[in-house]
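Proteins come first, then strands; the chains are lettered A, B, ... in the order of their sequence lines, and each starts at number 1. These numbers come from a predicted model, not from an experiment.
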Number of protein chains: 2
Amino acid sequence: MLRKIDKHSGVPAYLQIINQIKAEILLGNLKAGQQLPTVRELETIFDVNINTILKALERLKAEGLIASEQGIGYFVVKELSIDAEVVAAIKQLVSKLKSKQFDLYTTLVLVEEVWKNERI
Amino acid sequence: MLRKIDKHSGVPAYLQIINQIKAEILLGNLKAGQQLPTVRELETIFDVNINTILKALERLKAEGLIASEQGIGYFVVKELSIDAEVVAAIKQLVSKLKSKQFDLYTTLVLVEEVWKNERI
DNA sequence: TTTAGTGTTCTATATCTATAGAACAATATG
DNA sequence: CATATTGTTCTATAGATATAGAACACTAAA
């Protein structure tokens with residue numbers, strides 16, 4: 001599920017990488033104990049320099065989400081399971097917005113703004 | 001509705017400013033013809049340097065969303081109205097996630113990932 | 001033991017982002 | 001006309017981000 005980052009979004013590459021990996025863990029696509037692709041494979045997958053990969057992995061390690069073993073690889077440590085109902089609700093909203101021709105950027109901006117402006 | 005940006009999010013300040021203004025226009029809180037705060041007021045509101053403000057306004061101008069008149073100010077040009085139903089749907093999702101103690105960052109990451117992974 | 005495949009560390013360089021500070025240009029108002 | 005308020009332009013500097021390239025360290029397997 002991991003894919004090329006968007007180099008023109010303005011969001012730092014290492015952050016986009018962190019976000020992708022975190023999301024995969026949240027969605028249950030990466031489970032505890034599972035090994036990540038090697039750093040040199042990640043270099044190809046995300047299409048960034050190895051140092052950028054390392055910066056992202058370092059942060060995820062500091063958060064305790066993953067761990068590394070020299071000579072072996074990186075592994076998911078902590079599982080972050082979320083409610084299936086929540087995933088369903090998000091899918092439903094995404095579906096509605098896509099059918100109304102919204103683009104992802106606009107959607108994210110709106111969600112953020114509603115989040116910060118509404119007191120619920 | 002415009003507020004301080006988050007200097008520690010890693011997202012460039014000028015992008016956060018663009019996002020906020022765009023969202024206000026989308027939500028109808030800034031309507032066509034309406035004047036924005038002065039650049040020096042925006043400096044205070046967002047808590048960033050005037051050059052960062054200008055960079056953001058420049059981009060919004062290039063997109064045709066706002067226009068400037070020297071000696072007078074910046075004005076909203078294009079209106080981007082969206083379906084009230086869409087806003088309601090977003091509010092509903094935000095409400096549900098907040099009640100489940102989700103944080104904004106996790107929410108945005110999930111929405112993005114679901115958007116990119118689901119073919120709908 | 002040797003080799004291939006892992007992660008790890010380091011230096012150097014270029015570009016982007018953000019700030020500070022100063023000055024200039026156009027407009028509206030007294 | 002003079003002044004205050006607005007946008008505009010410019011230079012210099014610091015820090016963050018990203019890349020390239022090289023070398024080193026640990027592990028597993030031939």
message = I need the NE2-C1' distance between B/His8 and C/dT17, as an integer number of Å.
response = 15 Å
ask   = To the nearest angstrom, how far is A/Leu57 atom CG from C/dT9 atom C1'?
value = 15 Å
remark   = Side-chain contact check for B/Ile50: nearest option of D/dT8, D/dC10, C/dA18 is D/dT8
note = When rounded to whole Å, the CD1 to P distance for the pair B/Ile53 and C/dT19 reads 9 Å
ask   = Distance check: side-chain N/O of B/Lys7 vs OP1/OP2 of C/dT19, anything under 4.0 Å?
value = yes
request  = Name the residue closer to the 5' end of DNA chain D, choosing between A/Leu15 and A/Gly71 according to the nucleotide with the nearest heavy atom.
outcome  = A/Leu15
task = Can you tell me the distance, in whole Å, between the CG atom of A/Leu54 and the C1' atom of D/dA16?
result = 17 Å
request  = Give a yes/no on whether any side-chain N or O of B/Thr52 is located under 4.0 angstrom from OP1 or OP2 of C/dT17.
outcome  = no
inquiry  = Using a 6.0 Å cut-off, check whether atom CD of A/Gln34 has over 12 heavy atoms from anything other than its own residue.
reply    = yes
request  = Specify the separation, in whole Å, of atom CD1 of B/Ile72 and atom C1' of D/dT8.
outcome  = 14 Å
task = Would you tell me if any nitrogen or oxygen in the side chain of A/Lys61 comes within less than 4.0 Å of OP1 or OP2 on C/dT8?
result = yes
request  = Please determine if a side-chain N or O atom of B/Asn49 lies less than 4.0 Å away from the OP1 or OP2 oxygen of C/dA20.
outcome  = yes
key: 4.5 Å side-chain heavy-atom contact, A/Leu65 and A/Val77   = no
key: Any donor-acceptor N/O pair under 3.5 Å between C/dG5 base and A/Arg40 side chain   = no
query = Under 4.0 Å between a side-chain N or O of A/Tyr74 and OP1 or OP2 of C/dT8?
reply = yes
Of the listed nucleotides C/dT6, D/dT17, C/dA28, the one nearest the side chain of A/Pro12 = D/dT17
message = Testing the 3.5 Å rule here: is there a donor-acceptor pair between the side chains of A/Asp103 and A/Thr106?
response = yes
message = Please confirm whether the shortest side-chain N or O distance from A/Tyr14 to OP1 or OP2 of D/dA18 is below 4.0 Å.
response = no
message = If I take atom CD in residue A/Glu43 and atom P in nucleotide D/dA18, what distance separates them, rounded to the nearest angstrom?
response = 14 Å
task = Specify the residue among B/Val39 and A/Asn51 whose closest nucleotide of DNA chain D lies further upstream toward the 5′ end.
result = B/Val39
task = Quickly work out the A/Gln70 CD to C/dA4 C1' distance and round it to whole Å.
result = 15 Å
ask   = Do any N or O atoms from the side chain of B/Glu112 and from the backbone of A/Ala23 form a donor-acceptor pair under 3.5 angstrom?
value = no
inquiry  = I need the B/Leu93 CG to A/Trp115 CH2 distance, nearest 0.5 Å.
reply    = 8.5 Å
inquiry  = Please determine whether a side-chain nitrogen or oxygen atom of A/Lys55 lies at a distance below 4.0 Å from atom OP1 or OP2 of D/dT17.
reply    = yes
request  = Measure from CZ on B/Phe46 to P on C/dT19 and round the result to the nearest Å.
outcome  = 13 Å
task = Please say which of B/Lys22, B/Arg3, B/Lys91 ends up in a salt bridge (charged side-chain N to carboxylate O under 4.0 Å, His left out) with A/Glu113.
result = B/Arg3
ask   = Of all the nucleotides listed (D/dT8, D/dT27, C/dT27), which has the minimum atom distance to the side chain of B/Ser68?
value = D/dT8
